[in-house]
Amino acid sequence: HPHFAENTSPEVLEALIKFLIQKGAKPENIKIGAQSFTEIPIEASAQKSGLLEICLKYKVVPLDLSKTKFILKKLNGFGFEISEEVFDHDFVINLPTLNLDLKLGVRGATENLTRLLKKESYFSLKYLYSEEKILENISSILPKSLLNIADGISVQKTNKIAAFLGLVFGSFDPLNLDRVFAEVCMRQQL
């Protein structure tokens, strides 16, 4: 549900779609891609979160990335199977939510990139490597035209309660975006 701030809010998605259309993008050329790494189907999550309603309202294509083709990209001994959709478009936007986690730090933008990977491939990588190593390497293999617009409007804290911060960040570098958010929120002093 949107009030849990577990995924991008419908308001942020709607604002982004409106902006893209206002700048000349055709709704049929906009795709909203996601996939579930849990037992909950992505369709159910999209409906409960209110994101599907926004896609339907603007006639934007919701895309289950798990049903797309994946291509293997290698870097530093890592084999990332990434949805071909990421490489088939001139411009891709990563629209993560930011969260505050005292143990793990802020990893919203970087961690959201894992949803571009094939689910089985991601879990295989997690078996072999630490999540930190995976996150450090994944952004290096993705196209440089991938823009990260992070939703920090309401942020889920470690106690699972959402706090209203009213922030939105943007960067082509997801690691830097997460670092800046951590500094702005004074994560060390929480």
Side-chain angles (χ1 to χ4, degrees), residues 1-38 40-65 83 85-86 89-101 104-116 135 138-139 142-143 145-185 187:
H1 298 287
H3 60 273
F4 288 132
E6 291 178 346
N7 51 25
T8 302
S9 69
E11 294 83 9
V12 170
L13 178 62
E14 184 172 26
L16 178 61
I17 291 171
K18 281 179 168 179
F19 176 79
L20 292 172
I21 292 171
Q22 196 175 53
K23 293 297 178 187
K26 295 179 181 161
E28 61 269 16
N29 291 338
I30 300 171
K31 295 179 184 176
I32 307 298
Q35 67 174 311
S36 175
F37 279 14
T38 67
I40 300 169
I42 192 65
E43 297 85 3
S45 295
Q47 188 171 2
K48 282 185 181 181
S49 66
L51 300 178
L52 181 60
E53 183 180 329
I54 297 300
C55 289
L56 296 174
K57 179 179 178 180
Y58 290 94
K59 297 180 175 79
V60 170
V61 177
L63 179 65
D64 181 353
L65 293 176
S83 173
E85 290 288 325
V86 176
H89 300 287
D90 295 332
F91 192 64
V92 176
I93 299 173
N94 178 30
L95 195 59
T97 56
L98 298 171
N99 53 45
L100 302 171
D101 192 318
L104 302 174
V106 176
R107 311 178 325 175
T110 312
E111 191 172 55
N112 203 54
L113 294 176
T114 62
R115 298 303 189 257
L116 302 174
L135 296 178
I138 190 172
S139 60
L142 294 169
S145 61
L146 188 136
L147 175 63
N148 302 277
I149 300 176
D151 177 357
I153 302 294
S154 58
V155 176
Q156 190 180 83
K157 298 187 294 184
T158 52
N159 61 4
K160 300 289 185 190
I161 295 174
F164 180 80
L165 299 179
L167 301 170
V168 175
F169 293 88
S171 174
F172 282 101
D173 186 329
L175 292 167
N176 284 342
L177 191 149
D178 288 338
R179 286 184 195 116
V180 168
F181 177 68
E183 288 296 317
V184 167
C185 292
R187 188 182 70 79

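Just so we're clear, the structure is a prediction, and the values are computed from it rather than from any experiment.
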Student: Looking at CD1 of Ile32 and CG of Leu52, how far apart are the two atoms once the value is rounded to the nearest 0.5 Å?
Tutor: 11.0 Å
Student: Could you grab the distance from atom CG of Leu20 to atom CD1 of Ile30, nearest 0.5 Å is fine?
Tutor: 5.0 Å
Student: Ignoring hydrogens, what is the shortest heavy-atom contact between Pro27 and Ile21? Give both atom names and the distance.
Tutor: CG-CD1, 3.8 Å
Student: Has Asn94 got a side-chain atom pairing as donor or acceptor with Leu146's backbone, closer than 3.5 angstrom?
Tutor: no
Student: Tell me if a side-chain donor or acceptor on Asp178 pairs with a main-chain N or O of Thr110 at a distance below 3.5 Å.
Tutor: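 Answer holds: yes.
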Student: Atom CD of Gln35 and atom CG of Leu116: how far apart are they, to the nearest 0.5 Å?
Tutor: 8.0 Å
Student: Determine the minimum heavy-atom distance between Pro174 and Ser139, stating which atoms define it.
Tutor: CG-CB, 3.6 Å
Student: Tell me the closest heavy-atom pair linking Ser145 and Phe91, and the distance in Å.
Tutor: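 In terms of heavy atoms, the two residues are closest at O-CD1, 3.5 Å.
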Student: For Leu65 and Ile42, what are the C-alpha separation, side-chain angles and deciding distance, and is it a side-chain contact (heavy atoms from CB on, under 4.5 Å)?
Tutor: CA-CA 10 Å; Leu65 293 176; Ile42 192 65; over 6 Å; no
Student: Looking only at heavy atoms, which two atoms of Pro41 and Ser36 are closest? And how far apart?
Tutor: C-CB, 4.3 Å
Student: Contact between Asp151 and Leu95 at the side-chain level, heavy atoms closer than 4.5 Å - yes or no?
Tutor: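 Contact flag for Asp151/Leu95 side chains = no.
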Student: Considering residues at least two apart in sequence or located in another chain, which fulfil the salt bridge (charged side-chain N to carboxylate O under 4.0 Å, His left out) criterion with Asp64?
Tutor: Lys67
Student: Are the side chains of Val92 and Pro143 in contact, using a 4.5 Å heavy-atom criterion?
Tutor: no
Student: Roughly how far apart are Lys18 NZ and Glu11 CD, rounded to 0.5 Å?
Tutor: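 Rounded to the nearest 0.5 Å, the NZ-CD separation comes to 10.5 Å.
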Student: Set out, in order, the CA-CA distance, both residues' side-chain angles and the distance that settles side-chain contact (heavy atoms from CB on, under 4.5 Å) for Ile17 and Leu13, then state yes or no.
Tutor: CA-CA 6 Å; Ile17 291 171; Leu13 178 62; 3.9 Å; yes
Student: With no hydrogens and no angle check, is any side-chain donor or acceptor of Ser83 less than 3.5 Å from a backbone partner on Val86?
Tutor: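 Side chain of Ser83 to backbone of Val86, a donor-acceptor pair under 3.5 Å: no, none is there.
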Student: Among side-chain atoms of Asn176 and Arg179, is any donor-acceptor pair under 3.5 angstrom?
Tutor: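 Per modelled atom types, Asn176 and Arg179 side chains form a pair under 3.5 Å.
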Student: Nearest 0.5 Å, please: how far is CD in Gln47 from CG in Leu56?
Tutor: 9.5 Å
Student: Look at the side chain of Ser171 and the backbone N and O of Asn148, then say whether any donor-acceptor pair between them is shorter than 3.5 Å.
Tutor: no
Student: What is the distance from atom CD1 of Ile93 to atom CZ of Phe19, rounded to the nearest 0.5 Å?
Tutor: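 Here the rounded value is 8.5 Å.
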